[in-house]
**Student:** 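Take this structure first; my questions come after.
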Amino acid sequence: MNVKRFWTWVGILLLVELAAITLCKRWYWFFPTRDVSEVYTKYAGTDGLNVVFLKDFKINDSVFVDVTLIEALDSAAWELIERDFRIIPPEEEDFHTLETTVSLWLAPHNNYSSPMDTVNYDNDVIVMSYFKRTIAVFDVDSRNQIGAIFEYNITKTKIKKK
Amino acid sequence: MNKKILSIALLAVIGTVATGCQKETFTNPQSSIADNCTIYTVQYTVDGVSHTSTLYGEDEYNAFILQLVMMAREGHEVCFSNNNIVISSLSKEKLYFSTRDADEATKWAVEKANEGYTVHVDYDEGTGMYNCVAIK
């Protein structure tokens, strides 16, 4: 009887210890960080917009960047995004379909309505699907990341069709 | 007597509201960069109040002039001078590039983006080509 109780307590203590270790090592699973981008803060809660912030989104094995995804649910919300980001829409005559056309450009960090700054290290990458009314802002730290983000999105145009 | 004063006051209120509403019917045209290349910056006065409007494209400009004419017909004092029109062109330089190689398409797109272009890319399954257009 005492032996059985002993092992029960050992089992309970092990479970408590395991829970404590998990909490220490993976605390952000339970208490997610509030560290979000400025563009997320600007548009989150705006009527007609779905806004998502992804921390350390994997572009490839060595490039991880913060991304803010914005999806306009109606034309009024999309007009706001078009104006704020100075969007140049793709023209139908240039492509056989706009459905899978992806648009990419560089814009000064957190100042997307201004013309592109020629100083590369302070530009973010904006990726847009005009057809789907979605826009993604990739927070860039280095030139190497710009190439990887372009490659990721351009390659995806092929994958999408499969 | 009281009824007469009340009627006159009521008419005055209705008249004021009606005039106010009439003035508010004039709205600044909304701009859309997408469809045209010419920007008109126009200065004008309506009933002594000066305004500045930016108009994108000839269609928007013509609609705006028509709106001013209508306002003048309604009795508003509209001053508009041709000398105040500033026309500037949005350069819409377009560059095309097609390749079967995704790396080449990426390289070209990055290069053009660094030069300030917006790059549009689509993969054409029929031809197996990445069609890229850079616009600025």
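Proteins get letters first, then strands, A, B, ... in listed order; numbering begins at 1 in each.
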**Student:** Taking atom CG of A/D47 as the centre, does the number of heavy atoms from other residues, nucleotides or ligands within less than 6.0 Å exceed 12?
**Tutor:**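 For A/D47, atom CG is not crowded (no more than 12 foreign heavy atoms under 6.0 Å).
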
**Student:** Could you report the tightest heavy-atom contact between B/A102 and A/I154, atom names first, then the distance?
**Tutor:** O-CG2, 4.5 Å

**Student:** With a 3.5 Å cut-off and no angle check, do the side chains of A/S103 and B/H120 form a donor-acceptor pair?
**Tutor:**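 There is such a pair (donor and acceptor under 3.5 Å, judged by atom type) between the side chains of A/S103 and B/H120.
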
**Student:** Among all residues two or more places apart in sequence or in another chain, which pass the salt bridge (Lys or Arg N to Asp or Glu O under 4.0 Å) test with A/D139?
**Tutor:** none

**Student:** Taking a hydrophobic cluster as the set of Ile, Leu, Val, Met, Phe, Trp and Tyr residues connected by side-chain heavy atoms closer than 4.5 Å, whether directly or through intermediates, do A/L80 and A/Y112 fall within one such cluster?
**Tutor:**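 In one cluster with A/L80: A/Y112, yes.
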
**Student:** If every non-hydrogen atom of B/Y96 is compared with every non-hydrogen atom of A/D94, which pair is closest and at what distance?
**Tutor:**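 Of all heavy-atom pairs spanning B/Y96 and A/D94, the closest is OH-OD1, 2.9 Å.
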
**Student:** Nearest 0.5 Å, what's the OG1-CD distance between A/T97 and B/E125?
**Tutor:**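 Spacing of OG1 (A/T97) from CD (B/E125) equals 11.0 Å.
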
**Student:** Any chance CD of B/E104 has more than 12 other-residue heavy atoms, nucleotides or ligands included, within less than 6.0 Å?
**Tutor:** yes

**Student:** Go through the atoms of B/K94 and report whether side chain, backbone, both or neither lie under 4.5 Å from a heavy atom of chain A.
**Tutor:**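 Contact with chain A: side chain only.
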
**Student:** Between B/E111 and A/R143, does any side-chain N to carboxylate O distance fall below 4.0 Å?
**Tutor:** no

**Student:** Which heavy-atom pair separates B/Y130 from A/T157 by the least distance, and what is that distance?
**Tutor:**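 What the structure gives for the nearest pair is CE2-OG1, 3.7 Å.
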
**Student:** Nearest 0.5 Å, please: how far is CD1 in A/I149 from OG1 in B/T106?
**Tutor:**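 Separation between the atoms: 12.0 Å.
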
**Student:** Find out if a path of hydrophobic residues (ILVMFWY) with successive side-chain heavy-atom gaps under 4.5 Å connects A/F131 to A/I81.
**Tutor:**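 Per the 4.5 Å side-chain linkage, A/F131 and A/I81 are not co-clustered.
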
**Student:** Please answer: with hydrophobic residues joined when any side-chain heavy atoms are less than 4.5 Å apart, are B/V78 and B/V49 in the same cluster?
**Tutor:** no

**Student:** Taking atom CG of A/D61 as the centre, report whether more than 12 heavy atoms of other residues, nucleotides or ligands fall under 6.0 Å from it.
**Tutor:**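 No - once you tally the heavy atoms of other residues, nucleotides and ligands closer than 6.0 Å, there are 12 at most.
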
**Student:** Are the side chains of A/L104 and B/T118 in contact, using a 4.5 Å heavy-atom criterion?
**Tutor:** no

**Student:** B/Y117 and A/W105: which non-hydrogen atoms are nearest, and at how many Å?
**Tutor:** O-CB, 3.9 Å

**Student:** Atom CZ of A/F150 and atom CG of B/N114: how far apart are they, to the nearest 0.5 Å?
**Tutor:** 7.5 Å

**Student:** Quick one: ring pair (Phe, Tyr, Trp, His ring centres under 6.0 Å) partners of A/Y152, sequence neighbours excluded?
**Tutor:**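 Applying ring pair (Phe, Tyr, Trp, His ring centres under 6.0 Å) to A/Y152 gives A/F57.
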
**Student:** With side-chain contact (heavy atoms from CB on, under 4.5 Å) as the criterion, how do B/V121 and A/T101 come out once you've worked through the C-alpha distance, each side chain's angles and the decisive distance to 0.1 Å?
**Tutor:** CA-CA 6 Å; B/V121 183; A/T101 301; over 6 Å; no

